[in-house]
Amino acid sequence: AYLLPAVEGFFSEEKRIVNLSYWVFPALHEIAAATGDPVWNQVIATGLRLIENAKFGDNGLPPDWLETLGTLRPAGGFPPRFGYDAIRIPLYLAWSGHDDAPYLRSITEFWSDFGAGEVAPAWIDLTSGETSVERQAAGMDAVARMVLGKASRPENVQKMADEDYYSTSLLMLTALAEGAYGQP
């Protein structure tokens, strides 16, 4: 059971493209519990299986967009990156208690390569290894810090008014997740 990004354009006999960050595991677990419908547990299992197997590049990271028909690979028509979409994968995994090493190890190892005070690049190309010159925005950094078990940067909450919509959304989601995840 798959979550498709739209009714049209992502599924045919030739292709099936998914965005792994659409598996919002905290919500999916709530839906499964509320409805009792086993299809939601199948959706969760499919997402976890895809995340565990969708590892590309030297760092073994999941792509923003994934082709799932045949051999798993970064989806054509999209940059082959771990970046703005895929950043939500570790957020939703950790938030819902799926923070087991097989799911997050490659992501945490990638982020751990950046020392104290450093911020990871906004994206890494999974084919070439090229990284963006821009660093992760405050919201992306908040996700990385939560997943790595580091305290939030106090200035992140103050930055919300200065951040763009996407970064602010990640800051708010991370704050919610930290409350559920037991972070200070």
Side-chain angles (χ1 to χ4, degrees), residues 1-6 9-25 28 43-96 98-115 118-150 163-167 169-171 173-174 177:
Y2 286 83
L3 291 176
L4 295 175
F10 293 90
F11 182 80
S12 69
E13 290 184 24
E14 296 83 34
K15 68 178 178 181
R16 182 172 51 222
I17 298 173
V18 299
N19 184 315
L20 295 172
S21 70
Y22 288 18
W23 267 265
V24 183
F25 291 105
L28 293 172
V43 169
I44 292 166
T46 298
L48 294 173
R49 187 183 78 251
L50 288 172
I51 291 166
E52 187 170 6
N53 293 303
K55 296 181 179 183
F56 303 97
D58 292 340
N59 294 292
L61 299 170
D64 288 342
W65 292 90
L66 179 69
E67 170 63 52
T68 65
L69 199 56
T71 303
L72 295 180
R73 62 190 174 280
F78 297 91
R81 296 177 178 163
F82 171 81
Y84 296 101
D85 284 297
I87 190 79
R88 293 174 295 185
I89 297 168
L91 169 64
Y92 297 146
L93 286 170
W95 188 351
S96 63
H98 292 289
D99 51 352
D100 309 89
Y103 299 115
L104 290 176
R105 182 176 295 129
S106 60
I107 297 170
T108 57
E109 287 174 359
F110 173 69
W111 283 332
S112 294
D113 286 344
F114 300 90
E118 284 187 78
V119 177
W123 54 260
I124 181 169
D125 186 295
L126 301 174
T127 304
S128 69
E130 175 189 1
T131 59
S132 68
V133 293
E134 57 189 40
R135 307 325 279 169
Q136 291 181 336
M140 295 175 84
D141 181 55
V143 171
R145 295 182 65 76
M146 183 194 87
V147 172
L148 291 172
K150 298 179 180 180
E163 292 291 309
D164 62 29
Y165 161 80
Y166 188 70
S167 183
S169 296
L170 288 174
L171 284 166
L173 287 168
T174 302

When rounded to the nearest 0.5 angstrom, what distance separates [atom1] in [X] from [atom2] in [Y]?
{"X": "Phe114", "Y": "Arg135", "atom1": "CZ", "atom2": "CZ", "value": "6.0 Å"}
{"X": "Ile87", "Y": "Arg81", "atom1": "CD1", "atom2": "CZ", "value": "14.0 Å"}
{"X": "Arg145", "Y": "Trp111", "atom1": "CZ", "atom2": "CH2", "value": "12.0 Å"}
{"X": "Glu109", "Y": "Leu104", "atom1": "CD", "atom2": "CG", "value": "11.0 Å"}
{"X": "Ile89", "Y": "Ile107", "atom1": "CD1", "atom2": "CD1", "value": "6.0 Å"}

Spell out, as yes or no, whether a donor-acceptor pair under 3.5 Å connects the side chain of [X] to the backbone of [Y].
{"X": "Asp141", "Y": "Ala137", "result": "no"}
{"X": "Asp64", "Y": "Gly83", "result": "yes"}
{"X": "Ser167", "Y": "Asp164", "result": "no"}
{"X": "Thr174", "Y": "Leu171", "result": "no"}
{"X": "Ser132", "Y": "Ala122", "result": "yes"}
{"X": "Glu67", "Y": "Leu69", "result": "yes"}
{"X": "Asn59", "Y": "Leu61", "result": "no"}

Heavy-atom pair with the smallest gap, counting every atom of [X] and [Y]:
{"X": "Val24", "Y": "Ser21", "result": "CG2-O, 4.1 Å"}
{"X": "Val147", "Y": "Pro90", "result": "CG2-O, 3.7 Å"}
{"X": "Trp23", "Y": "Ala1", "result": "CZ2-O, 4.4 Å"}
{"X": "Asn53", "Y": "Arg49", "result": "ND2-O, 2.9 Å"}
{"X": "Met146", "Y": "Ala177", "result": "SD-CB, 3.7 Å"}
{"X": "Gln136", "Y": "Pro121", "result": "CG-O, 3.3 Å"}

Practice task
Evaluate the ring planes of Tyr103 and His98, with Trp represented by its six-membered ring, and classify them as parallel (under 30°), tilted (30 to 60°) or perpendicular (over 60°).
Solution key: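 The arrangement is perpendicular - the two ring planes meet at more than 60°.
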
Practice task
Determine the interplanar angle of the Phe82 and Phe110 rings, folded into 0 to 90°, and report it as parallel if under 30°, tilted if 30 to 60°, perpendicular if over 60°.
Solution key: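 Judged by the thresholds at 30° and 60°, the geometry between Phe82 and Phe110 is perpendicular.
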
Exercise for the section: Please examine the side chains of Phe56 and Pro74, heavy atoms only from C-beta on, and report whether any two atoms are closer than 4.5 Å. Expected result: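 Of all side-chain heavy-atom pairs linking Phe56 with Pro74, at least one is under 4.5 Å.
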
Exercise for the section: Start with the C-alpha gap between Trp123 and Met140, add the side-chain angles, then the distance that decides, and say whether side chain to side chain contact (heavy atoms under 4.5 Å, CB included) holds. Expected result: CA-CA 10 Å; Trp123 54 260; Met140 295 175 84; over 6 Å; no

Practice task
Tell me, please, which residues at least two apart from Tyr2 pass ring-ring contact (aromatic ring centres under 6.0 Å, His included).
Solution key: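 Applying ring-ring contact (aromatic ring centres under 6.0 Å, His included) to Tyr2 gives none.
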
Practice task
Tell me, with the steps shown, if Trp65 and Val18 meet side chain to side chain contact (heavy atoms under 4.5 Å, CB included).
Solution key: CA-CA 6 Å; Trp65 292 90; Val18 299; over 6 Å; no

Problem - Non-neighbouring partners of Asp85 that pass salt bridge (charged side-chain N to carboxylate O under 4.0 Å, His left out), sequence neighbours left out - result: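 Result, salt bridge (charged side-chain N to carboxylate O under 4.0 Å, His left out) vs Asp85: Arg88.
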
Handout entry: Residue pair Leu173, Val143: steps toward the side chain to side chain contact (heavy atoms under 4.5 Å, CB included) verdict
Key = CA-CA 9 Å; Leu173 287 168; Val143 171; over 6 Å; no

Handout entry: Verdict with supporting geometry, Leu66 and Asn19, side chain to side chain contact (heavy atoms under 4.5 Å, CB included)
Key = CA-CA 6 Å; Leu66 179 69; Asn19 184 315; over 6 Å; no

